[in-house]
Structure formats: structure tokens, C-alpha cells
Colleague: 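Dropping the structure in here first, questions after.
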Amino acid sequence: RLLPDRATRRVPADRREAIEELARDLGSVPLALPEPFTDLHVHVLGVGGPTADLIPKDGLRGVVVSPFLSEPWLRRFTARGMDGVLVSREESLDRIPAALLDRFERVAVLNPAADLAPQSATSDPEASGSSSLPTDAGDPARLFGGLHAKLFVFDTPAGAVVLTGSANATEAAFDGNVEILAELRGPTDAGVEAFLGETPGEADLVDLLLDYTPLDQPVEASEAEQLE
């Protein structure tokens, strides 16, 4: 409901009515919790009022998956003193000082081969009558291909905290942009190890990662990147 007033151009009355109707409909939709999570809260950032600090102050370990990064946000994360794993694009990591990246227990990028859809047993997809796309919607290569995902996973003394939505790991996203994040809370076994653990015979996120080597001198971020 607040977005039309933030538009750079005038929003016609009929468009405002359609947005209002959509907001009412969404407000009446019950959100189902995925197992094993027990609590769900939706955060809307950048629409007025102070932004909640969503990085747990009592975090023990964390995973950050984000295509775009900013040095101030990463310093805020590392200041919490928790062990952390950072997954991003090589271009974004190239813009972060090596000394800051060294504070993470692991820094990784998505293996470029993860963008390649698995092939069928035969080398000719037409002969097999099958598509080259992954058949499993939960396949990590499909979920993380090209690394568009934004995911923040924390282990805390009270259990797991997972944030996912539109926000990158940047100051602009958490302290300025209009973003939406879903916060899920659940048992400890739904935390970091659930995302970084390995399951025999299955493709896991860790199987798609390659360790990143920091540059001696970081590359300056473009203006467009600073707005992400």
C-alpha cells in the first residue's frame, strides 16, 4: 500500500485500486510454515521507521548467500564474532578487501558447471524425449544456478534463524531499499548444518561451491552495484 506513493511517476487511480485489492487479498492468505520451522515473520524494509537489526546478536555461526555484497554490511556481520561462511559471485567478492574476507571460515563461489542442467542418460535429448532441465525442483543447481538467491542462516543458542527474500548482503538493502525478507525460526538442526551438510548420494549445496581466493587489491564497485 505504501509503494504507489514512492513511485517516481504518478500512479493512476485504477492502478492504485488494483494494488489496494491485491494487498487485501494477500493480507487474508495464511502462510504455511515449512517443516521443521515453528515461527514465521515477514519483514518489509525501507518503508519508514527504523530498520530492525536482523543479524542475531547471539549468533554462533552463520551462512550468507548473496550475489551482491557491501563492505560495511560484512563488517557488521563479522563484528558479531560468529563463525561465518560467505557465498557470492566472484565479481562481488573481488570488491571486498582480503583482510575482511579472511574473517570468514570459508569464502566460496558457485561452480560455473552448476549452471549446466543435468543431461539424460543419452547424449541426445530429442532421442530420449526428455528436457535438459532438472526434473527435481529442489535440485541445488536449479535453486542456486547463476546465484540469484539471497539467504542468511544463523545458529543461535535458541535454535536456527533463516532469512530469505529480496535483500542482498549490503547496507543499501538493509538500510534504505524497499525489500522483503521472510524470517523463519526453528530447531538447531534446521540451521547451518542443514545447508552445509553432505548427504550421501545426493547433490548438496556444498557440492556446488568452489573456494574463492581474494585479490591483493579490491576492485572498486560501480554506482549500480552500490545501490543493490
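Heads up: numbering here begins at 1 and tracks the sequence. Since this is a predicted model, take the numbers as computed values, not measurements. Reckoned from all heavy atoms, side chains included, excluding hydrogens, waters and symmetry mates.
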Colleague: In Å, rounded to the nearest 0.5 Å, how long is the span from CG of Leu208 to CG of Leu110?
Modeller: 6.0 Å
Colleague: Show the atom names and distances, to 0.1 Å, of all donor-acceptor pairs under 3.5 Å that link a side chain in residues 21-46 to residues at least two apart or in another chain.
Modeller:
residue, atom, partner, partner atom, Å
Ser28, OG, Asp25, O, 2.8
Thr38, OG1, Arg185, O, 3.4
His43, NE2, Glu183, OE1, 2.5

Colleague: If you look at every heavy atom in Phe154 and Leu54, which pair is closest and at what distance?
Modeller: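 Nearest heavy atoms, Phe154 then Leu54: CE1-O, 4.4 Å.
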Colleague: What's the spacing between Thr78 OG1 and Asp102 CG if we round to 0.5 Å?
Modeller: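 These two atoms lie 11.5 Å from each other.
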Colleague: Rounded to the nearest 0.5 Å, how far apart are CZ of Arg106 and CG of Asp211?
Modeller: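 Arg106 atom CZ to Asp211 atom CG measures 4.0 Å (nearest 0.5 Å).
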Colleague: If we only count heavy atoms from C-beta on, is the Pro214 to Leu100 side-chain gap below 4.5 Å?
Modeller: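 They are not in contact (no side-chain heavy atoms under 4.5 Å apart), so the answer is no.
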Colleague: Run the side chain to side chain contact (heavy atoms under 4.5 Å, CB included) test on Arg89 and Phe68 for me, step by step, so that the C-alpha distance in whole Å, both residues' side-chain angles and the decisive distance to 0.1 Å come before the verdict.
Modeller: CA-CA 7 Å; Arg89 301 181 307 129; Phe68 292 94; 3.2 Å; yes
Colleague: Work out which heavy atom in Pro112 is nearest to a heavy atom in Leu210; give both atom names and the distance.
Modeller: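 Closest heavy-atom pair between Pro112 and Leu210: CD-CD1, 4.0 Å.
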Colleague: Between the main-chain N or O of Leu69 and the side-chain N or O of Ser66, is there a donor-acceptor pair closer than 3.5 Å?
Modeller: no
Colleague: With clusters defined by side-chain heavy atoms of hydrophobic residues (ILVMFWY) lying less than 4.5 Å apart, directly or transitively, does Leu184 cluster with Ile180?
Modeller: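 Yes.
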Colleague: Quick one: closest heavy-atom pair of Pro72 and Glu171, and the distance?
Modeller: CB-CG, 3.2 Å
Colleague: Could you name each residue pair satisfying salt bridge (Lys or Arg N to Asp or Glu O under 4.0 Å) that touches residues 57-68, not counting sequence neighbours?
Modeller: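 Those involving residues 57-68 are Asp53-Lys57, Arg61-Glu105, Arg61-Glu193.
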Colleague: For the pair Arg95 (side chain) and Glu91 (backbone), establish whether a donor and an acceptor sit closer than 3.5 Å, ignoring hydrogens and angles.
Modeller: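 Yes, Arg95 side chain to Glu91 backbone: donor-acceptor pair under 3.5 Å.
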Colleague: Among Val192, Leu151, Leu205, Val162, which residue meets the side-chain contact (heavy atoms from CB on, under 4.5 Å) test with Val63?
Modeller: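 It is Val192; the other options fail the test.
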Colleague: Nearest 0.5 Å please: distance from the CG atom of Leu86 over to the CG atom of Leu93.
Modeller: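 The distance works out to 5.5 Å.
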Colleague: Taking atom CZ of Arg15 as the centre, report whether more than 12 heavy atoms of other residues, nucleotides or ligands fall under 6.0 Å from it.
Modeller: no
Colleague: Does CD belonging to Glu90 count more than 12 external heavy atoms closer than 6.0 Å?
Modeller: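 Count not over threshold, so no.
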Colleague: If I compare all heavy atoms of Pro56 with all of Thr156, which pair ends up nearest, and what's the gap?
Modeller: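 Between these two residues, the closest heavy atoms are CB-CG2, 3.9 Å.
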Colleague: Given the rule that I, L, V, M, F, W and Y join up when any side-chain heavy atoms are under 4.5 Å apart, are Leu60 and Phe77 in one cluster?
Modeller: no
Colleague: Check the pair Phe174, Leu181 against side chain to side chain contact (heavy atoms under 4.5 Å, CB included), reporting the backbone distance first and the verdict last.
Modeller: CA-CA 10 Å; Phe174 279 78; Leu181 282 173; 3.8 Å; yes
Colleague: To the nearest 0.5 Å, what is the distance between CD1 (Ile55) and CH2 (Trp73)?
Modeller: 4.0 Å
Colleague: So which of Val153, Val65, Leu196 actually passes side-chain contact (heavy atoms from CB on, under 4.5 Å) with Val85?
Modeller: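 Result for side-chain contact (heavy atoms from CB on, under 4.5 Å) with Val85: Leu196.
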Colleague: Under 3.5 Å, side chain of Ser92 to main-chain N/O of Pro67, donor-acceptor pair present?
Modeller: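 Yes, because the side chain of Ser92 sits within donor-acceptor range (under 3.5 Å) of the backbone of Pro67.
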Colleague: Can you measure from CZ (Arg10) to CG (Asp5) and round to the nearest 0.5 angstrom?
Modeller: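 Between atom CZ of Arg10 and atom CG of Asp5 there are 12.0 Å.
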Colleague: Quick one: are Asp175 and Arg76 in side-chain contact, heavy atoms under 4.5 Å?
Modeller: yes
Colleague: Tell me whether Thr164 contacts the main-chain N or O of Lys150 through its side chain, where contact means a donor paired with an acceptor under 3.5 Å.
Modeller: yes
Colleague: Got Ile19 and Pro4 here, is their nearest side-chain heavy-atom distance under 4.5 Å?
Modeller: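 Yes, side chains in contact.
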